[in-house]
Number of protein chains: 2
Amino acid sequence: MQTSAQSMSTIRLVPRAGLCQACQVRGIAACASLDDGDLQRLAAIATQKEYAAEATIFEQGDEPSFIYNLTEGHVRLTKTLANGRRQIIGFVYPGGMLGLAVHGAYVCSAEAIGPVKLCRFPRPRLLSLLDELPSLKTRLLDIAADELGDAQEQMLLLGRKTPLERVASFLWRQHQEAIRCGDSTLSIDLPMKRADIADYLGTTIETVSRTFTKLRADGLIKLEHANKVIILDLDGLEELAEGL
Amino acid sequence: MQTSAQSMSTIRLVPRAGLCQACQVRGIAACASLDDGDLQRLAAIATQKEYAAEATIFEQGDEPSFIYNLTEGHVRLTKTLANGRRQIIGFVYPGGMLGLAVHGAYVCSAEAIGPVKLCRFPRPRLLSLLDELPSLKTRLLDIAADELGDAQEQMLLLGRKTPLERVASFLWRQHQEAIRCGDSTLSIDLPMKRADIADYLGTTIETVSRTFTKLRADGLIKLEHANKVIILDLDGLEELAEGL
DNA sequence: CGCTCATTTGACGCATGTCAACGCGCGTGG
DNA sequence: CCACGCGCGTTGACATGCGTCAAATGAGCG
């Protein structure tokens, strides 16, 4: 398991069987719905993969050979227009799934923000296994419905919110995400750069930066570093996010 | 959008009045996966409902008591911000589903654009029936994945496309939708008003109107009425939509 | 200490939102 | 049958928020 610094691709590839019970995201991932026996059947078709920071996991248009479960690190999902304009469709956090929304081809690319570890399932084998694991199928349906709800919320943000409201919404959600991960503090670590935030919020680096500055000036947040935000006024942030 | 075209043709089959027997369920998208026996079990929990134009079918925040299948007419899904700004999350065409993306409460409102007919399933009964109809569960998962892909395409539109590209994309999709319904002509009927298009594309009525005018001036479309568009240059429209 | 990359800040112009007027089609009622 | 009003769409004039370009500041690292 030597990390070759120059490589953007896989660092380690190991069989998954037996590791699942010990998996850190067991409780929040799709596998949470399974008992030990079923979990082993799922584990039998899984392999663990790692990617270095900035590595591409799959690309928009690729044949969707795998479905992934993110166990460590953060991933961004991107779509790119002909002239290079990029939109980040979503960020994936530990426990999240990659490659669900496809038919015929991945509809977006997945890139590692930092070093990541994921659990990889051959798509056809997972899909056929679903027929024997109904609770997993239900779980996937739930996850898809959840992601659909998130996507719709993001459409509202992109279509109708001002940059200030967008950044406030973004920070609010990051806080919610931190809570989900067990961190109940108001201090938020942003794993992504300004460019990612900008492409996620449908705006520019400069506007994101200026908006952070304004939120700081208005006493709603504090910036410890560029990537560490401390929320000073959570309610105020939420009001902003909701457009009040 | 185009990447999921193949699945759309199988998932969103268009129900034709008259093909539907008994409770009109037969032939409807989600139910197409079922044999006659299973279809009857589904039909047993379904009721037909009709709504007048502009009627509200359900509202954002309501307890999600039902899942719907649209059999006739068009529906818009909306989210509204505190100060009244509205975003249309999507339009639903005959054969489409309403109320899939919920957890605890509907995440958007559904409003009839014209008079509509739908098939209504009590949510808990449908969900428990899913355990006995695995092919239906698979179909719902497919539909959800498909809608997720559409939502992501819309995020790209809202976040990164110019108004001109948005309107071109919109018309292109309407054309694809018409093809799916069997109309292979370049003449498109728009069931919704300019305000709906604007709120769907994250822009304003005026900008939509001006953009239609520009597309007409550039010889890409012809406007028979305000709600009837004839595409003169389909390839040109697609290039615009893709940002080329 | 000096390179590089990320972020912030500043200056400026334009695209698009806003406000307003006008036209058109259609239904209604006198 | 025509006049009127109303809803909807189009067009025009204008203002401004945000994107673009550019430079300065700061952080990390050899």
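Chain letters run A, B, ... following the sequence lines, proteins first and then strands; every chain starts at 1. This structure is a prediction, so every number in the text was calculated from the model and none was measured.
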Distances for protein N/O vs nucleotides 21-25 of chain C N/O pairs under 3.5 angstrom?
none

* Asked: What do the steps show when you test L201(A) against I197(A) for side chain to side chain contact (heavy atoms under 4.5 Å, CB included), and what is the final call?
  -> CA-CA 6 Å; L201(A) 300 180; I197(A) 299 175; 3.7 Å; yes
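- Sorted by first and then second residue, the salt bridge (charged side-chain N to carboxylate O under 4.0 Å, His left out) pairs with a member in residues 204-215 of chain B read K214(B)-D218(B); sequence neighbours excluded.
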Enumerate the protein-to-nucleotides 16-19 of chain C contacts in which both atoms are nitrogen or oxygen and the separation is below 3.5 Å.
residue : atom : partner : partner atom : Å
dG17(C) : OP1  : T203(B) : OG1          : 3.4
dG17(C) : OP2  : T203(B) : OG1          : 3.0
dG17(C) : OP2  : T204(B) : OG1          : 3.4
dG17(C) : OP2  : T207(B) : OG1          : 2.6
dT18(C) : O4   : R210(B) : NH2          : 2.9
dC19(C) : N4   : E206(B) : OE2          : 3.0

* Structure fact -> Expected string for nucleotides 23-30 of chain D under the B/S/- scheme (protein heavy atoms, under 4.0 Å, primed atoms plus P, OP1, OP2 as sugar-phosphate) is --------
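- Residue pairs that meet the side chain to side chain donor-acceptor pair (under 3.5 Å) test with at least one member in residues 51-62 of chain B, sequence neighbours left out, are E54(B)-R76(B).
- Side-chain contact check for S187(B) versus E224(B): every heavy-atom pair is 4.5 Å or farther apart.
- Within the structure, salt bridge (charged side-chain N to carboxylate O under 4.0 Å, His left out) pairs that include any residue of residues 145-155 of chain A comprise E153(A)-K79(B) (at least two apart or interchain).
- Nearest to the side-chain atoms of R216(A) among the listed nucleotides dT7(C), dG9(D), dT9(C) stands dT9(C).
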Review item, nucleotides 3-5 of chain C N/O atoms under 3.5 Å of protein N/O:
none

Side-chain atoms of residues 225-244 of chain A: list all donor-acceptor pairs with protein atoms under 3.5 Å, sequence neighbours left out, distances to 0.1 Å.
residue : atom : partner : partner atom : Å
D233(A) : OD1  : D235(A) : N            : 3.4
D233(A) : OD1  : G236(A) : N            : 2.8

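- Between L158(B) and G159(A), the shortest heavy-atom contact is CD2-CA, 4.1 Å.
- A heavy atom lying under 4.0 Å from DNA chain C marks none of the residues of residues 81-92 of chain A.
- Atom C1' of nucleotide dA6(C) and atom CD of E54(A) are separated by 13 Å, given to the nearest angstrom.
- Atoms NZ (K214(A)) and C1' (dT8(C)) sit 17 Å apart, rounded to a whole Å.
- Applying the salt bridge (charged side-chain N to carboxylate O under 4.0 Å, His left out) rule to pairs touching residues 90-102 of chain A yields nothing, sequence neighbours excluded.
- With rounding to whole Å, I205(A) atom CD1 is found 13 Å from dC21(D) atom P.
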Distance-only check: which donor-acceptor pairs under 3.5 Å involve side-chain atoms of residues 82-95 of chain A, not counting sequence neighbours?
residue : atom : partner : partner atom : Å
N83(A)  : OD1  : R85(A)  : N            : 3.4
N83(A)  : OD1  : R85(A)  : NE           : 3.0
R85(A)  : NH1  : R160(B) : O            : 2.8
R85(A)  : NH1  : E165(B) : OE1          : 2.9
R85(A)  : NH2  : E165(B) : OE1          : 3.3
R85(A)  : NH2  : E165(B) : OE2          : 2.9
R86(A)  : NE   : D199(A) : OD2          : 2.6
R86(A)  : NH2  : D196(A) : OD1          : 2.9
R86(A)  : NH2  : D199(A) : OD2          : 2.9
Q87(A)  : NE2  : D199(A) : O            : 3.1
Q87(A)  : NE2  : Y200(A) : O            : 3.3
Y93(A)  : OH   : Q174(A) : OE1          : 2.7

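- Put simply, NZ on K228(A) is 19 Å from C1' on dT7(C), counting in whole angstrom units.
- Remark: S209(B) pairs with no residue by the side chain to side chain contact (heavy atoms under 4.5 Å, CB included) rule, at least two apart or across chains.
- Across the protein-nucleic acid pair, F212(A) atom CZ and dT9(C) atom P stand 12 Å apart, rounded to whole Å.
- For the pair L215(B)/T213(B), no side-chain contact is recorded, criterion being any heavy-atom separation below 4.5 Å from C-beta on.
- We find that CG of D196(A) is positioned 10 Å from P of dA6(C), with the value rounded to whole Å.
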